[in-house]
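Worksheet for the structure shown next.
No hydrogens, no waters, no symmetry mates; every other heavy atom, side chains included, goes into these values. Throughout, protein chains are lettered first and strands after them, A, B, ... in sequence-line order, and every chain is numbered starting at 1.
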Protein chains: 2
Amino acid sequence: MNDKDTRTRILDVAQDLIQRLGVNAMSYQHISDAVGIRKASIHHHFPAKEDLVQALVERYNGFFLEVVDGILASEADAPTKLARYIGLFEATLSESQGDKVCLCAMLGAELTTLGSASAASVRRFFAENEDRLIVILEQGRQEGSIRFAGDPRHIARMIVSLLEGAMLVSRTTGGLPYLVSVRDGLLDLLVH
Amino acid sequence: MNDKDTRTRILDVAQDLIQRLGVNAMSYQHISDAVGIRKASIHHHFPAKEDLVQALVERYNGFFLEVVDGILASEADAPTKLARYIGLFEATLSESQGDKVCLCAMLGAELTTLGSASAASVRRFFAENEDRLIVILEQGRQEGSIRFAGDPRHIARMIVSLLEGAMLVSRTTGGLPYLVSVRDGLLDLLVH
DNA sequence: GTCTATAGCGCGATAGAC
DNA sequence: GTCTATCGCGCTATAGAC
């Protein structure tokens with residue numbers, strides 16, 4: 001872990017803190033304590049807090065969407081791809097014993113306190129996920145494995161909202177089992 | 001508006017600020033500016049910030065659940081009740097031109113920075129909504145107006161998560177129209 | 001690239017007069 | 001119940017030595 005460069009270690013720690021506490025409760029002092037360098041050194045890498053947040057969302061978008069594209073490119077049927085996609089959110093909740101939410105769910109909540117560049121990146125995260133879910137849904141409709149009547153975009157938006165919301169609610173109520181029951185509710189309606 | 005007592009005006013302003021900015025970006029100074037009294041006077045009504053937040057969630061729970069109980073008690077069929085229920089969330093987004101989210105969505109995001117009493121009240125908000133949605137879903141299943149296969153609790157949790165999440169995502173992308181498309185996605189799957 | 005030191009501000013909270 | 005005044009702290013950010 002300590003063989004990563006300092007910039008990466010700062011980003012890792014900052015992301016963890018934001019996912020647990022939110023942007024406005026996270027501070028350079030917290031990062032300083034966790035990484036083991038002084039506050040001023042963090043400012044060398046990220047002059048202003050907004051620079052740090054912006055770099056963080058961009059990195060997160062890149063990582064996350066790359067994994068999603070891997071799921072899209074696989075040979076599986078649509079319900080399997082959807083289950084794997086949902087698994088990404090389950091993994092976030094599991095890795096933290098239930099007190100981390102999706103970075104963009106947190107930033108979406110605190111959106112009005114963000115700089116405009118960061119806000120735009122959060123917006124892009126949701127839009128890109130929506131587009132990829134539409135691909136899965138259309139595959140499912142074509143192969144007859146997923147059933148819905150109307151616009152796939154509506155269903156895709158529903159799924160994005162559902163997963164982001166489920167992470168927030170899960171953290172108050174039951175952790176991972178709650179998210180699993182939300183997943184089961186969705187699959188109940190979508191795959192039958 | 002100014003004929004309300006000071007305590008109520010403080011709560012009104014604080015709720016508006018939290019729904020827009022979050023708990024950790026809202027301050028006694030902001031409230032002071034908006035209400036027109038000094039910071040020290042706010043501390044007279046709510047000695048600590050946690051007291052204010054706790055009173056706010058309790059009041060919100062009372063107001064919100066009373067309205068929901070009114071919907072449950074009406075004579076309408078289940079899809080109509082569900083549409084009215086979703087309308088409560090649409091109203092929040094509309095009244096603020098799209099930059100206010102459900103109080104408990106915001107507090108759910110910042111949950112780990114809340115006092116334990118406030119956190120418990122947020123938890124109760126989600127649980128009470130879940131219970132009431134189950135009543136609507138069972139009515140719909142019985143009258144044949146709503147179709148789902150499995151546990152109504154799963155569907156209810158899905159709907160709670162979906163609405164809380166949709167408010168966050170709507171704020172980044174398109175405001176009310178986004179929330180409407182999420183609603184249409186849900187009804188597409190549930191009522192057919 | 002990391003450090004010490006510090007500026008300058010806003011925060012929650014309290015004391016005590018009126 | 002509201003005020004003035006203030007305390008002590010943590011915050012973001014900067015200057016300048018090493």
Side-chain angles (χ1 to χ4, degrees), chain A residues 1-57 106-107 109-119, chain B residues 1-57 106-107 109-119:
Chain A
M1 188 69 90
N2 271 32
D3 57 346
K4 292 182 186 170
D5 66 8
T6 305
R7 188 190 150 91
T8 301
R9 284 194 291 146
I10 292 170
L11 287 170
D12 289 346
V13 165
Q15 181 177 326
D16 185 272
L17 286 166
I18 293 178
Q19 288 183 270
R20 290 179 205 275
L21 306 174
V23 197
N24 296 313
M26 178 274 293
S27 75
Y28 275 39
Q29 187 59 59
H30 289 135
I31 301 171
S32 166
D33 295 341
V35 176
I37 59 173
R38 311 256 86 184
K39 279 195 294 175
S41 307
I42 304 171
H43 280 284
H44 171 76
H45 296 277
F46 304 99
K49 197 176 178 178
E50 162 69 6
D51 300 322
L52 172 55
V53 173
Q54 168 63 3
L56 213 40
V57 195
M106 188 63 86
L107 297 181
E110 296 178 309
L111 190 86
T112 60
T113 69
L114 262 42
S116 59
S118 303
Chain B
M1 190 68 89
N2 271 30
D3 57 346
K4 291 183 188 169
D5 67 8
T6 305
R7 187 190 151 92
T8 302
R9 284 194 290 146
I10 293 170
L11 287 170
D12 290 347
V13 166
Q15 182 177 325
D16 185 271
L17 286 166
I18 293 178
Q19 288 183 271
R20 289 179 205 276
L21 308 174
V23 197
N24 296 313
M26 179 274 292
S27 75
Y28 274 40
Q29 189 58 59
H30 289 136
I31 301 172
S32 166
D33 294 341
V35 175
I37 59 174
R38 312 256 83 184
K39 276 198 297 175
S41 308
I42 303 170
H43 280 284
H44 170 77
H45 296 278
F46 304 100
K49 197 177 180 179
E50 162 69 7
D51 300 322
L52 172 56
V53 173
Q54 167 63 5
L56 213 41
V57 195
M106 189 61 87
L107 297 182
E110 296 178 308
L111 191 86
T112 59
T113 70
L114 263 40
S116 58
S118 302

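- Close approach of DNA chain C to chain B, defined as any atom under 4.0 Å from a non-hydrogen atom of the protein, starts and stops at dC11(C) to dA15(C).
- At whole-Å resolution of the value, CD1 in Ile42(B) and P in dT4(D) are 13 Å apart.
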Show me the protein contacts with nucleotides 11-13 of chain D, counting only N or O atoms at under 3.5 Å.
from, atom 1, to, atom 2, distance (Å)
dC11(D), OP1, Ser27(A), OG, 3.0
dT12(D), OP1, Lys49(A), NZ, 3.0
dT12(D), OP2, Tyr28(A), N, 3.0
dT12(D), O4, Lys39(A), NZ, 3.4
dA13(D), OP2, Lys49(A), N, 2.7
dA13(D), N7, His43(A), NE2, 3.1

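- Under the side-chain hydrogen bond (donor to acceptor under 3.5 Å, both in side chains) criterion, Gln54(A) pairs with Ser121(A), sequence neighbours left out.
- Take Tyr28(B) and apply the ring pair (Phe, Tyr, Trp, His ring centres under 6.0 Å) test, not counting sequence neighbours, and it matches His43(B).
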I'd like a table of donor-acceptor pairs (distance under 3.5 Å, sequence neighbours excluded) in which one partner is a side-chain atom from residues 33-41 of chain A, with atom names and distances.
from, atom 1, to, atom 2, distance (Å)
Asp33(A), OD1, Gln29(A), NE2, 3.0

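- Applying the salt bridge (Lys or Arg N to Asp or Glu O under 4.0 Å) test to pairs two or more places apart or on separate chains, those with a residue in residues 16-32 of chain B are Asp16(B)-Arg20(B), Asp16(B)-Lys100(B), Arg20(B)-Asp99(B).
- In terms of modelled atom types and a separation under 3.5 Å, the side chain of Lys49(B) and the main chain of Val23(B) share a donor-acceptor contact.
- His45(B) is linked by a side chain to side chain contact (heavy atoms under 4.5 Å, CB included) to Thr6(B), Arg7(B), Ile10(B), counting only residues two or more places apart in sequence or in another chain.
- Partners of His30(B) according to the side-chain hydrogen bond (donor to acceptor under 3.5 Å, both in side chains) rule, which considers only residues two or more places apart in sequence or in another chain, are Ser27(B).
- By the side-chain hydrogen bond (donor to acceptor under 3.5 Å, both in side chains) test, Thr112(B) pairs with no residue at all, sequence neighbours left out.
- Note: CD1 (Ile31(A)) to P (dG10(D)) measures 17 Å, nearest angstrom.
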